[in-house]
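The structure under discussion appears below in the form of structure tokens.
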Amino acid sequence: MSSAAAAWSVVPRDEAQQWGAEPPVQGQEWGRRMALATSEDVARGLFSQSVLKALRALGDEELARRSALACGQERFVEFFNYPIRVLLQMLSTAMPALAERHGQAEHALWLLGHCAAMDFLESESGRALQVLVRGEPKRLVSHLPWAYQVAVTGERSVKWLGPRCCRFSMQRDFLPAAFHEGMLVAMLERLNASKVKVIGRQTGRLDSEYDLSWQ
């Protein structure tokens with residue numbers, strides 16, 4: 001994964017895309033999101049483990065160790081649910097170093113989401129999703145609400161705007177738009193979709209929406 005991370009670190013971002021208006025890259029904003037979390041807001045261990053692997057790939061072993069120590073989890077059990085605060089604490093610890101290494105916090109978040117999605121697609125759940133959608137990007141997008149529900153709580157919906165374009169909305173999602181942009185691009189590219197474009201924006205502290213298109 002380290003060699004792949006080197007390639008991702010120079011992935012150009014489409015000039016037409018815009019970062020969220022309020023990117024949660026400062027400690028204060030991570031803290032605000034954590035303060036909004038309840039006991040019902042959780043992330044599956046499989047997803048958290050993918051994020052931890054991405055931190056290792058895009059940073060180094062020491063950054064992954066320090067981030068895991070900060071949230072009190074040396075490892076995650078795949079099918080256990082963990083408070084979303086655990087994941088947010090891990091990310092808030094890692095982001096200053098990742099932003100410095102990759103030049104911009106939002107870019108680092110994009111890479112982190114891309115890397116985590118690639119790891120998820122190699123898991124049992126990720127392979128099952130790929131079988132379910134039969135290699136068709138549109139079927140993948142239609143199943144995105146279910147795929148996300150496997151990984152993390154929150155509400156998601158798809159509104160089709162054309163055969164290969166849609167608006168994907170998220171409510172009560174604790175991760176920033178840039179992270180999800182990277183995830184969505186990775187998942188569509190994995191199905192050999194070409195000219196993938198994902199434009200994300202925060203519509204609220206825990207709400208966001210994404211315009212997806214591909215050929």
Side-chain angles (χ1 to χ4, degrees), residues 1-9 11 13 20 23-25 30 33 41-61 63-68 70-71 73 75-95 97-99 101-102 105-130 140 143-154 156 168 170 173-191 196 198 200 208 210 212:
M1 188 178 290
S2 297
S3 60
W8 292 330
S9 66
V11 172
R13 197 172 185 282
V25 296
W30 288 110
R33 292 194 172 211
D41 299 307
V42 300
R44 189 66 59 89
L46 171 64
F47 180 63
S48 299
Q49 188 67 22
S50 290
V51 174
L52 183 58
K53 289 180 182 178
L55 292 178
R56 185 176 292 111
L58 296 169
D60 53 35
E61 186 64 42
L63 178 62
R65 186 198 67 79
R66 182 159 48 86
S67 301
C71 72
Q73 296 291 149
R75 61 184 296 274
F76 295 92
V77 179
E78 286 192 2
F79 297 106
F80 280 18
N81 288 329
Y82 295 84
I84 195 69
R85 292 189 190 91
V86 171
L87 180 60
L88 296 176
Q89 183 63 57
M90 184 167 66
L91 288 171
S92 68
T93 301
M95 281 312 302
L98 286 183
R101 175 171 295 208
H102 296 285
E106 291 85 354
H107 183 52
L109 283 164
W110 191 97
L111 295 171
L112 196 62
H114 194 281
C115 187
M118 294 296 287
D119 186 78
F120 167 76
L121 290 170
E122 292 299 325
S123 70
E124 182 178 343
S125 296
R127 290 193 295 270
L129 175 63
Q130 292 176 76
L140 168 67
H143 283 83
L144 278 176
W146 170 83
Y148 265 91
Q149 196 64 38
V150 170
V152 64
T153 52
R156 295 159 189 91
F168 185 48
M170 299 188 185
D173 186 285
F174 287 80
L175 296 173
F179 179 93
H180 290 299
E181 283 183 345
M183 287 196 72
L184 293 167
V185 168
M187 296 178 80
L188 284 166
E189 288 181 341
R190 182 61 174 266
L191 298 185
V196 175
V198 179
S208 56
Y210 308 82
L212 281 63

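Just so you know, these numbers use all the heavy atoms, side chains as well, and skip hydrogens, waters and symmetry mates.
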_Pairwise side-chain contact, Leu87 with Phe174, heavy-atom cut-off 4.5 Å (strictly under)_ =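 Side chain of Leu87 against side chain of Phe174, heavy atoms only: no contact under 4.5 Å found.
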*Any side-chain heavy atom of Val152 within less than 4.5 Å of one from Ile84?*
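With C-beta onward as the side chain, the pair touches.
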_Can you give me the closest heavy-atom contact between Ala99 and Ala105, atom names plus distance?_
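For Ala99 and Ala105, the tightest heavy-atom pair comes out as CB-CA, 3.7 Å.
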_Give me the atom names and distance for the closest heavy-atom approach of Ala117 to Ala186._
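The answer is CB-CB, 3.8 Å.
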Those residues that, when tested against [X], pass side chain to side chain contact (heavy atoms under 4.5 Å, CB included) (two or more places apart):
X: Leu121; result: Gln130, Met187, Arg190
X: Arg101; result: Asp60
X: Ala147; result: Leu129
X: Arg44; result: Leu46, Phe79, Asn81

Spacing of [X] atom [atom1] and [Y] atom [atom2] [to the nearest 0.5 Å]:
X: Leu175; Y: Met170; atom1: CG; atom2: CE; answer: 8.5 Å
X: Glu78; Y: Ser50; atom1: CD; atom2: OG; answer: 8.0 Å
X: Met90; Y: Leu63; atom1: CE; atom2: CG; answer: 10.0 Å
X: Lys53; Y: Asp119; atom1: NZ; atom2: CG; answer: 4.0 Å
X: Trp110; Y: His180; atom1: CH2; atom2: NE2; answer: 14.5 Å
X: Gln89; Y: Trp30; atom1: CD; atom2: CH2; answer: 10.5 Å

*side-chain contact (heavy atoms from CB on, under 4.5 Å) assessment of Leu112 paired with Leu91*: CA-CA 10 Å; Leu112 196 62; Leu91 288 171; 3.3 Å; yes
*asked:* Could you work out, with ring-ring contact (aromatic ring centres under 6.0 Å, His included) as the rule, every residue matching Phe76, not counting sequence neighbours?
replied: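 Result, ring-ring contact (aromatic ring centres under 6.0 Å, His included) vs Phe76: Tyr82.
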*Quick one: list whatever passes ring-ring contact (aromatic ring centres under 6.0 Å, His included) with Phe168, sequence neighbours left out.*
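Checked Phe168 against ring-ring contact (aromatic ring centres under 6.0 Å, His included); matches are Tyr148.
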*Any donor-acceptor N/O pair, His102 side chain to Leu58 backbone, under 3.5 Å*: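 Present.
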*Would you say the side-chain atoms of Ser67 pair up with the backbone N or O of Thr93, donor to acceptor, closer than 3.5 Å?*
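No.
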